[in-house]
There are 2 protein chains.
Amino acid sequence: MEKRVTSHDVAELAGVSRTTVSFVFNDDKQYFVRPETRQKVREAARKLSYYPNASARALASKQAKAIGLIMTRDPHYIAADNFLPQIIGGLLDVVKERQISLLIEWVEPGEQTHTYLSLTQAKHIDGMILLTPRFDDPGLKALEQLGIPCVIMGQVPGSNLPFVDIDNCAAAHMAVNHLIELGHTRIACITNAQLSYSSASQRLLGYRQALVDAGLDLDENLIREADFDSVSGYAAMQNLLDSGSNFSAVFAGSDTVALGVMAAIHEAGLTIPGDISIVGFDDIPEAAHYYPGLTSVHVPANEIARQSCRLLMHLMKGEAPEDTSIFLPTALISRQSTCEIERSQKHRQGEKLVHFT
Amino acid sequence: MEKRVTSHDVAELAGVSRTTVSFVFNDDKQYFVRPETRQKVREAARKLSYYPNASARALASKQAKAIGLIMTRDPHYIAADNFLPQIIGGLLDVVKERQISLLIEWVEPGEQTHTYLSLTQAKHIDGMILLTPRFDDPGLKALEQLGIPCVIMGQVPGSNLPFVDIDNCAAAHMAVNHLIELGHTRIACITNAQLSYSSASQRLLGYRQALVDAGLDLDENLIREADFDSVSGYAAMQNLLDSGSNFSAVFAGSDTVALGVMAAIHEAGLTIPGDISIVGFDDIPEAAHYYPGLTSVHVPANEIARQSCRLLMHLMKGEAPEDTSIFLPTALISRQSTCEIERSQKHRQGEKLVHFT
DNA sequence: AAGCTTCATTAACACGCGTTAATTGATTCT
DNA sequence: AGAATCAATTAACGCGTGTTAATGAAGCTT
């Protein structure tokens, strides 16, 4: 094990003190180092290929220069999350330019409080971004009380922690309303996840409100829960089709789930949108290339990540930003998976509806 | 800013020395602490909610207890990588159980050497996993020379660094051969990325060899380069279709690219596999639900991640494992996107082929 | 009772850096 | 010329922990 190069070595070679080296490397405007001295130090550092030790620096400065992205899902579901790459991409963008590192952590259910505290109190990280925590996350109160810099991607009702999110309910409302405007009256819903995830329950709420606002029946038999991946969407749709319920459109809580839903529809010998229209949610990059092109609610994933990150940095500096809860806009992207309900189908549905009135 | 709880505080409350506290928390078998003392310390720590400071620990022990996942792609492409979640899921699995943190870093082209060295020399991390570096990565030699613990996911010809990968060439050969066995003779290839990424060039090589081994013509006009995302696959396929070249099957370098390819085929009014058969690569979880179900080469992404991680941990312990280059098996998963070439098409192709012989 | 061994604990130093207050040297002011 | 100002640098302390060598305490042998 060869000896490590320390700031002491650099100082010696440059003929200055260790303090000066430190000043140069943190280029603090408050302290004045002569340009030529600065130059000498820089050169010595380069010659020795000196890299300031991160741990020592963190220890002395009490700043880890790192933030954490914390996920509360099983690795199994993480692996199925097509949203994640966009999030990470956005975070890396911001973090990189500020010379901060990004830590990724997965917390086991039941371990939230411990994990959150050990990460921040141990100063592994200066702040954290919580990716879609669940309703019942017990660690959130602890974070709130201790005033730990923290931003939630998503929302948790009852928590006052800063967050960045879209208006899931309104966006779902818009998506379902699109189907209604196309003439659909019997619309099914497959959630994106269990309802303990707030995004899932909010989107379901938007679905319900859209139907109610349009004066349509709310048939609980047309609702199924999926579980993040397309396999669960596929299963949910199969179950729904097997149930013999009557519907001409589906609102899926995520594009990944929608993909499974579409596969089940195809497999049943039905066509999209001829027999069944479908709207997804997220508008992941692949949605446009699904078959047929998936109408979806565009969620600015990259922007959510960037804004979360920026907000977190403000909090870490101790600044209390004016807006501690940020809502980002969504938009409905209409593609080929939705169309006006066909006359024939309307008719068929009309007949069926007799059973329900 | 409230005072931090240190091991000193715990020692005081427990009525022991700081050293003893340290022994308890690292439960080192070498040192014997009486069970009752141990108990006292644990309780005191709990009462004060003590969390050992990570930086101080890293500084003193010279171990960061962290590894890094380093990516050499632009955030833009990272966002399009449906493979990434599986990789991260696998890594998290392994690091979690060993109490190690996972750092994610993106390195700018040209900054490789600097980034690699600053991350490891600064002891931000103890070791690193390089995700699909490029051929010409100049930082690899530095890593090799300095003996920094490091595992490559993928392969870089000319580098002796340990790696975990699949046999891309053989797998591609298998995929293309599947098409050949189905009777296809004019097979196009759309790579998964630029050829400076070794996986792309190796898969292309496998494609070429399969054709040659079968005694088929190698038409360079049937090869296009895509660039990670489905958009690039779509564009490449459009370009290929516009060129008027004749082919009855496509080998796509990744499933994500394949999705774009399929979209272009559908848009051209052709059917899959009726008019064109297609094979993908990676077998991401969604591939089964694409329309039609995508025949693909299954890559054990999760296992690649886990093995890389384990290998890295061995290297970090200074152990030199017997196998420093691990190849994992692949398998062709046959779905609905491939079928025997139709008689009519064979005929048509036969006619066309006259032009080429 | 003195010496030896084993077990449990501790004092003291090291890790590499940030930061404050103090020091030096040069310059300007009275 | 001496005092006062300012720019540039440094000595010295602290951050919270790991770890080694040393210290006690207790049991055993002779």
J.: Here's a test of your reading of the structure: between Ala56(B) and Val33(B), which maps to the more 5' nucleotide of DNA chain C?
T.: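 Looking at DNA chain C, the more 5' nearest nucleotide goes with Val33(B).
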J.: Compare all side-chain heavy atoms of Met128(B) with those of Pro149(B) and state whether any distance is below 4.5 angstrom.
T.: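 A side-chain contact under 4.5 Å is absent here.
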J.: Applying a 4.0 Å non-hydrogen cut-off, can you work out what Ser22(B) is touching in the nucleic acid: base, sugar-phosphate, or nothing?
T.: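 Base contact.
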J.: Is the phosphate of dG16(C), meaning OP1 or OP2, less than 4.0 Å from a side-chain N or O of Ser7(A)?
T.: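 False: Ser7(A) side-chain N/O out of range (4.0 Å or more) of dG16(C) OP1/OP2.
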J.: Does the Thr37(A) side chain pair with the main chain of Val33(A), one donor and one acceptor, at a distance under 3.5 Å?
T.: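 No, Thr37(A) side chain to Val33(A) backbone: no donor-acceptor pair under 3.5 Å.
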J.: Considering only dT9(D), dC17(C), dA8(D), which nucleotide approaches the side chain of Arg57(A) most closely?
T.: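 Between dT9(D), dC17(C), dA8(D), the one nearest the side chain of Arg57(A) would be dC17(C).
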J.: Out of dC15(D), dT17(D), dG18(D), which nucleotide sits closest to the side chain of Leu59(A)?
T.: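 When the side chain of Leu59(A) is considered, dC15(D) is the closest of dC15(D), dT17(D), dG18(D).
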J.: Measure CZ/Arg18(A) against C1'/dT19(C) and give the value in whole Å, please.
T.: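 One finds 10 Å between C1' of dT19(C) and CZ of Arg18(A), rounded.
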J.: State whether the distance check finds a donor on one side and an acceptor on the other, under 3.5 Å, for side chain Thr19(A) versus base dT19(C).
T.: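 Such a pair is found, so the answer is yes.
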J.: Could you give the NE2-to-P distance, from His124(B) to dC17(C), as a whole number of Å?
T.: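 Checked: the NE2 to P distance equals 14 Å.
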J.: Rounding to an integer number of Å, can you tell me how far Lys65(A) NZ sits from dG18(C) C1'?
T.: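 For the pair Lys65(A) NZ and dG18(C) C1', the rounded distance is 12 Å.
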J.: Rounded to whole angstrom units, what separation is found between the CZ atom of Arg34(A) and the C1' atom of dG25(C)?
T.: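 To the nearest whole Å, that distance equals 10 Å.
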J.: Using atom CD of Glu12(B) as one end and atom P of dA11(C) as the other, report the distance to the nearest whole Å.
T.: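 The distance from CD of Glu12(B) to P of dA11(C) comes to 12 Å, rounded to the nearest Å.
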J.: Any Lys/Arg nitrogen of Lys65(A) or Asp126(A) sitting under 4.0 Å from an Asp/Glu carboxylate oxygen of the other?
T.: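 A salt bridge is absent here (no side-chain N lies under 4.0 Å from a carboxylate O).
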J.: Within this structure, what is the CZ-CD distance for the pair Arg134(A) and Gln112(A), rounded to the nearest 0.5 Å?
T.: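 Spacing of CZ (Arg134(A)) from CD (Gln112(A)) equals 8.0 Å.
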J.: Both Phe23(B) and Asn53(A) contact DNA chain C. Which one's nearest nucleotide lies toward the 5' end?
T.: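 Final value for this comparison: Phe23(B).
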J.: Specify the separation, in whole Å, of atom NE2 of His8(A) and atom C1' of dG18(C).
T.: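 Going from His8(A) (NE2) to dG18(C) (C1'), I get 17 Å.
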J.: When you check the phosphate oxygens OP1 and OP2 of dT17(D), does a side-chain N or O of Ser55(B) lie under 4.0 Å from one of them?
T.: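 Result: no.
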J.: Using whole Å, what does the distance between atom C1' of nucleotide dG16(D) and atom CZ of Phe25(B) come to?
T.: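 Those two atoms, CZ and C1', are 13 Å apart.
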J.: dG16(C), dT17(D), dA11(C): which one has an atom nearest the side-chain heavy atoms of Tyr50(B)?
T.: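 Nucleotide nearest to Tyr50(B)'s side chain: dT17(D).
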J.: It should be established whether Tyr51(B) places a side-chain nitrogen or oxygen under 4.0 Å from OP1 or OP2 of nucleotide dT17(D).
T.: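 Checking dT17(D) against Tyr51(B), no side-chain N or O comes under 4.0 Å of OP1 or OP2.
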J.: Could you tell me the separation between the CG atom of Asp9(A) and the P atom of dC17(C), rounded to a whole number of Å?
T.: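 So the two atoms are 9 Å apart, to the nearest Å.
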J.: Under 4.0 Å between a side-chain N or O of Thr20(A) and OP1 or OP2 of dT10(D)?
T.: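 For dT10(D), OP1/OP2 do have a side-chain N/O of Thr20(A) under 4.0 Å.
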J.: Check whether the ring centres of Tyr197(B) and Phe228(B) lie less than 6.0 Å apart, and answer yes or no.
T.: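 Yes, ring centres under 6.0 Å apart.
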J.: Check every strand shown and say whether Val21(A) touches a base, only sugar-phosphate, or nothing at a heavy-atom separation below 4.0 Å.
T.: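 If one applies the 4.0 Å heavy-atom cut-off, Val21(A) turns out to touch nothing in the nucleic acid.
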